[in-house]
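Before any comments, here is the structure.
Only this structure's heavy atoms are used, side chains among them; waters, hydrogens and symmetry mates stay out. Fair warning: this is a prediction, and the values are worked out from it, not measured in the lab.
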Amino acid sequence: MDVDAAGIGELWHNLTSAQPDPPWWLVVLAGIVALGAVVHGPTWRVARNVVTIAHEGGHALAALLTGRRLDGIKLHSDTSGVTVSRGRPDGPGMVFTALAGYLAPPLLGLAFAALLSWGRITLMLWASLALLAGMLVMIRNAYGVLSVAATGLLIFLVSWLGTAQVQAAFAYLAALFLLLAGTRPVVELQRMRSRQMAPSSDADQLAHLTGVPGLVWVGLFAFVSLAALLAGGKLLAPDSAAVLPGFLND
């Protein structure tokens, strides 16, 4: 029992203790890679699966928090997804559930950025694992299980086997990707709406529920995404005092 207690205590210490800030060049490199994953079409088509996981996870969490019954989540290979919950077909619970999808990725990225700014790299990685594990039990199709399990396995391997620098690089890449990726789905949403290809989008569901035009909801999604990007970028930006000596020494 003493050994178990000591092991748990050491694990808790590792999770909650602060790690040193990574070198500035690693943060910049992570930002460049994250931006490339968002703007490069073929890479985006793969990386967008992560955004879909966060999007549907946002719907699911909002449904649970507002007292709705969550029936399940499906993720598809075309990076679409659906979250099914039961309850009143209208009212605040349904509004918050529909609202949460597009807000979840950038807000999750902002939460991760806050943890990283406090030096909690390991805690951020394990919090990600906890969120994925909670989501996995609600997945109702094979591709969804594969997508969530593969993402969780990758995070686990990095957090368990990776060096401190590898963990930092991965954590900053994940946070910056979610922050940068928040706006592209909103642009894609409005493009599809303008072509009348998304009659049942979250924005149009919100318009039906509230009477507020769908374009207003798209604008809200965009505003939150950009605000999270600016706030998260400020939190993660390397300290100029650390950057300048690097250039001077070069």
Next item on the list: Applying side chain to side chain contact (heavy atoms under 4.5 Å, CB included), run through Val145 and Leu136 and close with a yes or a no.
Entry: CA-CA 6 Å; Val145 170; Leu136 185 60; 4.2 Å; yes
Item checked: side chain to side chain contact (heavy atoms under 4.5 Å, CB included) between Ser201 and Arg193, intermediate numbers included -> CA-CA 8 Å; Ser201 71; Arg193 292 184 71 250; 3.9 Å; yes
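For Ser225, there are no side-chain hydrogen bond (donor to acceptor under 3.5 Å, both in side chains) partners, not counting sequence neighbours. Partners of Arg86 by salt bridge (Lys or Arg N to Asp or Glu O under 4.0 Å), not counting sequence neighbours, listed by chain and number: Asp71.
Residues Trp44 and Leu179 share a single hydrophobic cluster, defined by chaining ILVMFWY side chains whose heavy atoms lie under 4.5 Å apart. Follow the hydrophobic side-chain contacts under 4.5 Å out from Leu61 and you never reach Val50; the two are in separate clusters. Residues Leu110 and Leu35 are members of one and the same hydrophobic cluster, defined by side-chain heavy-atom contacts under 4.5 angstrom among Ile, Leu, Val, Met, Phe, Trp and Tyr. Residue Phe177 is grouped with residue Leu153 when hydrophobic side chains (ILVMFWY) are merged at heavy-atom distances under 4.5 angstrom, including chains of intermediate members.
The main-chain N or O of Arg88 is found under 3.5 Å from a side-chain atom of Arg68 such that the two form a donor-acceptor pair. Without hydrogens or angle criteria, Thr52 side chain to Gly81 main chain gives no donor-acceptor distance under 3.5 Å.
At a threshold of 4.5 Å between non-hydrogen side-chain atoms, the residues Leu116 and Leu235 do not count as touching. No side-chain heavy atom of Phe221 sits under 4.5 Å from any side-chain heavy atom of Pro185. Side-chain contact between Val51 and Arg184 is absent, with no heavy-atom pair separated by less than 4.5 Å. For the pair Arg191/Met197, no side-chain contact is recorded, criterion being any heavy-atom separation below 4.5 Å from C-beta on.
When all heavy atoms of Thr83 and Glu56 are compared, the closest pair comes out as OG1-OE1, 2.6 Å. Ala62 and Ala100 make their closest contact through CB-CB, 3.6 Å (heavy atoms, listed as atom of the first residue, atom of the second, distance).
The distance from the CH2 atom of Trp25 to the CD1 atom of Ile32 is 11.5 Å, given to the nearest 0.5 Å. The structure places CG of Leu108 at 11.0 Å from CD1 of Ile53, a figure rounded to the nearest 0.5 Å. Between the CD atom of Gln165 and the CG atom of Leu26 there is a distance of 5.5 Å, given to the nearest 0.5 Å.
Residue Ser159 forms a side chain to side chain contact (heavy atoms under 4.5 Å, CB included) with just one option from Thr122, Val166, Leu129, and that option is Leu129. Exactly one of Leu189, Val186, Leu206, Asp204 qualifies for a side chain to side chain contact (heavy atoms under 4.5 Å, CB included) with Trp217. That residue is Leu206.
The aromatic rings of Tyr102 and His55 stand perpendicular to each other, their planes meeting at an angle above 60°, with 30° marking the opposite boundary.
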